[in-house]
Amino acid sequence: MTVTAGRVRFAPSPTGSLHVGNALSAVANRRAGDWMLLRIDDTDAARNLEGGEEEILRDLEWLGVVWDQGPVRQSERVARYRDAAAKLGERFDGVTLVREDGRPTYHLASVVDDIDFGITHVIRGNDHRPNEVLHRGLAETLGAKPPEYVHHGLILGEDGKKLSKRAEGATVASLREAGIPAEAVRAYLEELGLPAHDVHYDLPRIRRLAIDAIGALSDEELSARVGVPASVAPALRGARDLNEARDYAGSILETPRPAEVQPETLLRFRELVELEPKELVRELKAVGGDLRALRLVLTGRERGPELWAVLAALPREEQLRRVDAAL
Ligand code: GLU
């Protein structure tokens, strides 16, 4: 499906960090619309989460999804919905429009807002397809031309049901916390586009895109995201996500506990220390040096960035200090 639209809206409920399926709607709306409203659907007070709106704004900013107007909260437009209800009645085709306490339901508020903000295309998940007939009817009864409705496939979990918000990587916040760069999440959502059918969530694909995204960052950008000096950047390069990059940075910036290893490789290292890092590693390998031991002494870890990159990121005096501490 491709849509080129005029005025669109993204309308999350303030229930905390965005589900990746909602993030897909946000990205799809942004791509399709040349004007976008951010609307907060907070008419269902029981579902609203304290701080939920702030989390959504943070997710959108992180993903680089910008909007032109809003956030507009439905809770601030209750008088407007009352006017509409006066024309429509409290029920329409058997569906409740106004709750007993006088607050509007999602259906009423959503249709009134879509009219008032001149929305031309409603792009949302398949789970709202059953609402199309009702929303169309409401708009027409209010004397408006209904927008075009486009429903995209949902993101499914392994069980074939809509991905649970508790599943691994199911929310934008959980991806951010897992060290996935925003570019990788955005690229995945762009790749999905507007799926006509439901799709299975592909976290391994996001992880592969994360490697590409890290590869595309300059040394300055990468080290800034990890929160370390740019001199450390060479040692961050093999990292598959930003959390791993943080761990790699730690192996350079934190003094390791002295490790007990055989001295031969370390003594040879001291003789070769003036060499350029890649050459030094080659020489050590050629004489059968124990590179694992050297890594352990230099970083305090058994695994990590390539050894030459560790040497490139670690000042020579510090290399010698760590080697001497082990000797
Ligand atoms: N608040 C609704 C949701 O998050 C919006 C649905 C719509 O776009 O109309 O599912």
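Start at 1 and go down the list; that is how both ligands and their atoms are numbered.
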Seminar exercise, completed: For D41, the ligand 1 atoms with a heavy-atom partner under 4.0 Å come out as 1 (N), 2 (C), 5 (C)

For this session: Only heavy atoms count here, so choose which of Q74, H128, R9, H107 is nearest to atom 10 (O) of ligand 1.
Result: H128

Exercise. Quick one: does A11 get an N or O within less than 3.5 Å of an N or O on ligand 1?
Worked result: yes

Seminar exercise, completed: Distance col, row L272:CG vs L267:CG, nearest 0.5 angstrom, shows 11.0 Å

Exercise. Are S110 and L108 side-chain neighbours, meaning at least one heavy-atom pair lies under 4.5 Å?
Worked result: no

Exercise. Are a donor atom and an acceptor atom from the side chains of D113 and Q74 found within less than 3.5 Å of each other?
Worked result: yes

Problem set entry | Note: D101-R103 ion pair, threshold 4.0 Å (strictly below) | yes

For this session: Select the closest option to atom 7 (C) of ligand 1 among F10, Y149, Y106, judged by heavy-atom distance.
Result: Y106

